[in-house]
Undergrad: 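Take a look at the following structure, please.
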Amino acid sequence: MATRVGLTAAQDAARRGFEEFARTRIAPFADEWDRESALPEEFITEFAERGHLGGAIPTEHGGAGLDETTLGLLCEETGRACSSVRSLITVHGMVSRAVARWGSTGQREHWLPRLARGATIGAFALSEPGAGSDVKALAATARRDGDGFVLTGEKRWTTFGQRADLFLLFARLDDRETAFLVPADSAGLTVRPVESVLGTRASMLGELSLVECRVPGAALLGRPGFGLVAVAADALELGRYTVAWGCVGLLQACLDATLAHAENRETFGARLRDHQLVQRMIADMATAASAARLLCQQAGLLREAGDQQGVHATWMAKYFASTSAFKAAADAVQAHGAQGCAGDHPVQRYLRDAKVMEIIEGATELQQTTIADTAYQARAMAAAGKGAGA
Amino acid sequence: MTDHKPAIRAFLTQFFATDTLGDEDDFFAIGLVNSLFVMQLVLFVENQLGAAVDDEDLERANFASISAIDALVRRKSSVQAAT
């Protein structure tokens, strides 16, 4: 059992509930969903009925209104079982949070109850063929047309793009980055499945083509010019936060699998767990899981308080958790030997999923440069005598 | 009414040198900000200066300079006080 500090009784109870559901209703099926490259509709319905898709939505709009730590625990326990399901929480939550934060009264009243109960599944359509981490290279365009807008462009790597009912989509309006809420059934919008991806294979990636796609004026979310710096940036922060917690779950899953295997497997007349080089792997996994969990909790507490330091705490948590998860997954496969390379073994899925975690919501290298910049910011504040110091 | 300019200037110190930055200087136009700046600025205005930033406040003119942010906070504060 993982060491946990500082959880309230309610948070701990919620975590136990998330863990039980993930252990019984997700983990046994995760490899099958991975092979089939899809989550079953019945599962999405069951997941939504438990309120897990409404975690980021305030209660007054029908959501669960989870505090940041509890939302993180949901992502940890879900990510421990299946990163694709955790990805659903992430992208659906990003759309929900964007509508709750920046939506008009009409947009909130229309979309949030539907998103909260899973009647509408949301997805985040930012990446393009020429714009991944470099979001400023956004090329999709929007033009005014009467009382609405016409969208043109291509979107790539849209998680749950195949399944989503609503896209939070970004395009240039009068050359200003702007956010739009685009229903999947909009005329001129087509979605193609992305197949044979490395990891999170059940996350139903889609490629979107917008050809003279007309949307009403009410599709505009936030103000033109603030699509990236406010709407997308805020949503991506939630994305990074939930991915970081999901990586804690991945770390724990790698540790769980390796502990069980090393306990039972014998080589050279001794259990694997008695080999010191295997003990090194286990020690690193256990330590990284605890450290990543604490970084995530720190980010959650700061986010809950609305503290601006939560932004950088989240980057640090995501950076550490995702890089540690990949290292742990590589070690888990190594400890399992040939068994770990087999297509029906969860650890090979963990390894593929963990690599994806190092790329999404800000690639590792982007995290590193941003965290380094932050260290200089803290130094500048300390020098000015205004901050807590570097 | 509270003068927020010193607090705003202190916040901006994290991101760029403010010694030569005038109250009216447009730091977006000067190119001083990075991609996370606006989000942190909104959090700062909301949590340190106590003014809730709504969708309709998301105009560059409201955030482009020390004076503009100060004016936004004063305007929001007077509305909150009146309600």
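The chains referred to below are lettered A, B, ... by the order of the sequence lines, with proteins before strands, and numbering in each begins at 1.
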Undergrad: In Å, rounded to the nearest 0.5 Å, how long is the span from CG of D307(A) to CD of Q48(B)?
TA: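 One finds 7.0 Å between CG of D307(A) and CD of Q48(B).
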
Undergrad: What part of T374(A) gets closer than 4.5 Å to chain B, counting heavy atoms only: side chain, backbone, both or neither?
TA: neither

Undergrad: Identify the heavy atoms of A230(A) and L58(B) that sit nearest to each other, and give their distance.
TA: CB-CD1, 3.9 Å

Undergrad: Between atom CZ of F226(A) and atom CD of E59(B), what is the distance when rounded to the nearest 0.5 Å?
TA: 7.0 Å

Undergrad: I'd like to check E56(B) versus R223(A) (side-chain heavy atoms, cut-off strictly below 4.5 Å). Are they in contact?
TA: yes

Undergrad: Output the option from D57(B), D54(B), L43(B), D55(B) having the highest count of non-hydrogen pairs under 4.5 Å with chain A.
TA: D55(B)

Undergrad: Tell me the closest heavy-atom pair linking V311(A) and Q40(B), and the distance in Å.
TA: CG2-CG, 3.8 Å

Undergrad: How far apart are the closest heavy atoms of Q308(A) and F11(B), and which atoms are they?
TA: NE2-CE1, 3.2 Å

